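A, B, ... follow the sequence lines: proteins, then strands. Residue 1 opens every chain. Treat the numbers as computed from the prediction; the structure is a model and nothing was measured.
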Number of protein chains: 2
Amino acid sequence: MSLPHLDRSGRPTLRTVAELAGVHVSTVSRALSDSPSANERSGSQRTIARIREIAAEVGFERNPHGSGLRTSRSSLLGVLVPRLSDVVLATIYEGIEDSARARGYQTFVVNGRDEPAIRRERLQMLLARRVDGIVLGDAHGDADELAATLAERGTPFVLTNRHSAAHVSVTCDDLLGGRLAAEHLLDLGHTALAVVAGEPYASTGRDRTAGFLQVCAERGVEVPPERIVHAQFDVDGGRGAAGALLASPAPPTGMFVVNDFAAIGAMGAARAAGLTVGTDVAIVGYNDIPLASQLPVPLTSVASPMHEMGVRAAETLIAAIDGRPVESLRLPPTLSVRESSTGVLEPTTL
Amino acid sequence: MSLPHLDRSGRPTLRTVAELAGVHVSTVSRALSDSPSANERSGSQRTIARIREIAAEVGFERNPHGSGLRTSRSSLLGVLVPRLSDVVLATIYEGIEDSARARGYQTFVVNGRDEPAIRRERLQMLLARRVDGIVLGDAHGDADELAATLAERGTPFVLTNRHSAAHVSVTCDDLLGGRLAAEHLLDLGHTALAVVAGEPYASTGRDRTAGFLQVCAERGVEVPPERIVHAQFDVDGGRGAAGALLASPAPPTGMFVVNDFAAIGAMGAARAAGLTVGTDVAIVGYNDIPLASQLPVPLTSVASPMHEMGVRAAETLIAAIDGRPVESLRLPPTLSVRESSTGVLEPTTL
DNA sequence: ACGTTTGGCACAAACGATTGCGCAGCATCA
DNA sequence: TGATGCTGCGCAATCGTTTGTGCCAAACGT
């Protein structure tokens with residue numbers, strides 16, 4: 001059959017449905033709206049049902065340009081992350097996506113690559129697209145420029161993964177995570193401890209390190225400054241840093257590496273130094289990525305609730321968009337103990 | 001300073017700039033257009049320069065809703081992938097993003113999770129958003145429903161990563177990749193070979209396996225059917241499949257695992273079986289993810305040009321959108337030889 | 001000096017959806 | 001009977017941008 005008044009690309013518009021139903025477009029608009037207020041202003045239940053039926057039949061889908069133009073809302077949530085090829089951020093993003101979609105929003109994600117210029121440019125792009133709000137997954141330092149810009153501008157936003165200053169954020173309680181790691185290593189009897197901290201601009205690495213050192217101090221174990229080294233959040237970074245630590249005159253017997261990939265690198269460095277991971281040197285990572293349990297020597301790691309972090313971040317952002325009061329959230333991590341810190345437990349691992 | 005005629009959210013519009021410049025909005029629109037045809041119809045070079053200056057000064061950014069409504073183009077490329085937390089797809093996506101952005105498009109990515117219902121729904125969403133074209137990174141089988149839908153509907157699209165039927169695609173030459181793996185293992189003298197193939201619906205796994213078997217046949221080495229097992233593209237899948245192979249009465253000495261994560265699982269299974277990877281059993285993976293070279297036993301892997309695949313896919317899609325003729329592209333992989341197949345070469349790995 | 005071209009811009013009509021307002025018709029109530 | 005209220009829907013303006021058409025003046029040719 002041929003439909004009346006299709007748009008340029010052959011898709012039905014409100015008017016198509018209206019003519020088919022014999023009513024005015026405004027009636028169709030109201031009937032198809034899911035806001036109850038618009039709905040009650042519209043016609044009888046019978047008419048509404050009929051309109052919806054026809055709309056479904058012809059496959060009508062509201063044109064977001066028309067709708068966005070009129071309402072100045074896009075139903076779009078911008079998401080800025082360092083990079084999606086990092087499984088941690090990709091998992092957080094999946095949480096954001098799930099939650100946003102369930103609430104009628106779509107997500108628009110961009111990679112900021114932890115480069116200030118790129119981040120700025122990408123954020124600009126999101127704003128130019130008129131997103132309704134922004135999830136910032138890559139805050140830098142405690143006075144993040146972008147967060148400040150957004151706050152000043154009044155665009156709703158929420159930080160996740162990393163936090164920054166007093167802005168609303170949904171993160172893992174990394175301080176607690178660091179504490180868990182320290183308690184574990186200390187309970188195992190280690191006193192020669194080291195930390196492979198992350199990039200200085202990421203609150204994650206800073207907090208994890210701080211928590212770790214807190215517990216050490218509380219228990220009277222000193223971690224000298226030269227045993228705390230900064231490294232990139234990847235395999236190479238971890239290997240380099242751990243290699244240097246292990247090559248020092250008094251090498252550590254317990255290492256906390258604030259990122260699993262870096263921890264994998266650290267394990268490599270240990271092996272290269274002729275040490276057996278788990279017995280000669282205990283290594284604890286962070287995030288508990290799926291791979292951690294599958295390594296030749298399974299990695300002890302602080303498990304952060306990545307997916308849930310994304311879910312809650314999106315929820316919080318939407319609350320902010322709706323004008324509801326919001327506050328920061330710190331989700332608790334747990335420790336997954338494996339052989340990289342305890343040594344081989346059961347040789348019968350299939 | 002207070003600007004004339006801002007929009008509801010306080011942002012400058014064409015009219016803001018027009019009033020500031022003392023010209024009509026249409027003149028501003030043309031002056032700011034980057035299409036040369038519109039440009040020449042617009043005013044003098046002096047006027048154009050002045051308008052651009054004012055626009056930059058007040059931070060004007062074209063409202064995509066208004067523009068999209070008028071032109072029925074969104075400058076948006078939809079991207080459908082199985083999941084972004086898979087580093088292979090995430091890397092391809094980064095290529096798409098880089099290339100699209102350089103050509104004035106933004107990308108809108110969604111996860112289809114390899115579930116038909118979800119894929120359909122996500123595609124629907126992209127179309128509802130009026131994307132200008134679609135990159136399909138998750139084609140299923142040789143008669144992919146979504147690809148067929150798009151073709152019928154006339155929406156420009158291109159497949160990548162996986163191909164399907166006669167649709168235009170930009171992929172890795174996986175057949176060649178499989179051949180490289182076979183040649184390598186045969187050159188090393190192995191004759192008891194096995195393949196951990198992927199999910200049957202993915203062309204990647206099918207082609208890789210087929211190429212591998214081609215070379216085996218050419219060289220007169222038989223790979224019995226029970227030595228070809230299907231598994232998921234992840235660590236668990238690889239471990240299970242390889243474990244079964246190695247536990248058989250006549251275990252293989254050379255294994256081709258069509259995905260690096262699965263290969264990592266296979267290495268685990270080998271170790272669990274008391275075998276030394278690289279000497280007792282040679283393992284070759286696929287994709288050469290960054291982690292491959294960093295494993296305790298570095299993994300020999302067929303390197304696929306993931307980023308370039310994304311770049312070329314986006315280029316191809318944009319060509320199709322512009323109505324230029326396009327054709328499929330098969331990018332050649334290379335082999336990265338490491339210890340997982342050759343045994344430990346140099347004990348002096350730092 | 002008088003048409004004719006052309007450069008430089010303005011006018012106005014769209015695109016598709018939303019929403020305040022208003023207007024019939026009917027029922028209710030005094 | 002007339003005032004009032006409600007139900008059910010239509011009217012029309014509006015969002016910001018693009019683009020076909022038209023107009024005025026200056027430049028040009030003869």
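For B:F60, the side-chain atoms get nearest to D:dT17 when compared with the rest of C:dA17, C:dT19, D:dT17. With distances taken from any side-chain atom of B:R62 to the nucleotides D:dG16, C:dA17, D:dT17, the minimum falls on D:dT17. In the set C:dT19, C:dC11, D:dT17, the nucleotide with an atom closest to the side chain of A:R30 is C:dT19.
Nearest-nucleotide positions on DNA chain D place B:G66 closer to the 5' end than the other of B:G66 and B:H24.
B:I51 places its CD1 atom 7 Å from the P atom of C:dC9, with the value rounded to the nearest Å. The CZ atom of B:R46 sits 14 Å away from the C1' atom of C:dG7 (whole-angstrom rounding). Between the C1' atom of D:dC15 and the CG atom of B:L6 lies a distance of 14 Å, rounded to the nearest Å. Between the CZ atom of B:R130 and the C1' atom of C:dA17 there is a distance of 11 Å, given to the nearest Å.
In this model, no side-chain donor or acceptor of B:R50 finds a partner on the base of C:dG8 within 3.5 Å. Remark: the A:T13 side chain and the C:dC15 base include no donor-acceptor N/O pair separated by less than 3.5 Å. Looking at B:S26, its side chain comes within 3.5 Å of the base of C:dC11 through a donor and an acceptor atom. For A:R8 and C:dG16, a side-chain-to-base donor-acceptor distance below 3.5 Å is absent, hydrogens and geometry of angles not being considered.
The shortest distance between the side-chain N/O atoms of B:H65 and the OP1/OP2 oxygens of D:dT17 is not below 4.0 Å. Side-chain N/O atoms of A:T47 include one lying less than 4.0 angstrom from OP1 or OP2 on D:dC9. At the phosphate of D:dG10, OP1 or OP2 sits under 4.0 Å from a side-chain N or O atom of A:T27.
The local environment of CD in A:E53 is sparse, with at most 12 non-hydrogen atoms from other residues, nucleotides or ligands closer than 6.0 Å.
Using a 30° and 60° split on the angle between ring planes, A:H65 and B:H65 fall in the tilted class, from 30° to 60°.
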Show, in sequence, the C-alpha distance, side-chain angles and deciding distance for B:R113 and A:D98, and conclude whether the salt bridge (Lys or Arg N to Asp or Glu O under 4.0 Å) test is met.
CA-CA 12 Å; B:R113 305 186 187 192; A:D98 289 345; 2.9 Å; yes
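Within the nucleic acid shown, A:V28 has no heavy atom closer than 4.0 Å to any nucleic acid atom.
Exactly one residue among A:H167, A:R119, A:H163 makes a side-chain hydrogen bond (donor to acceptor under 3.5 Å, both in side chains) with A:D144. That residue is A:R119.
For the residue pair B:Q106 / B:S75, no side-chain donor-acceptor distance below 3.5 Å is found, with atom types taken as modelled.
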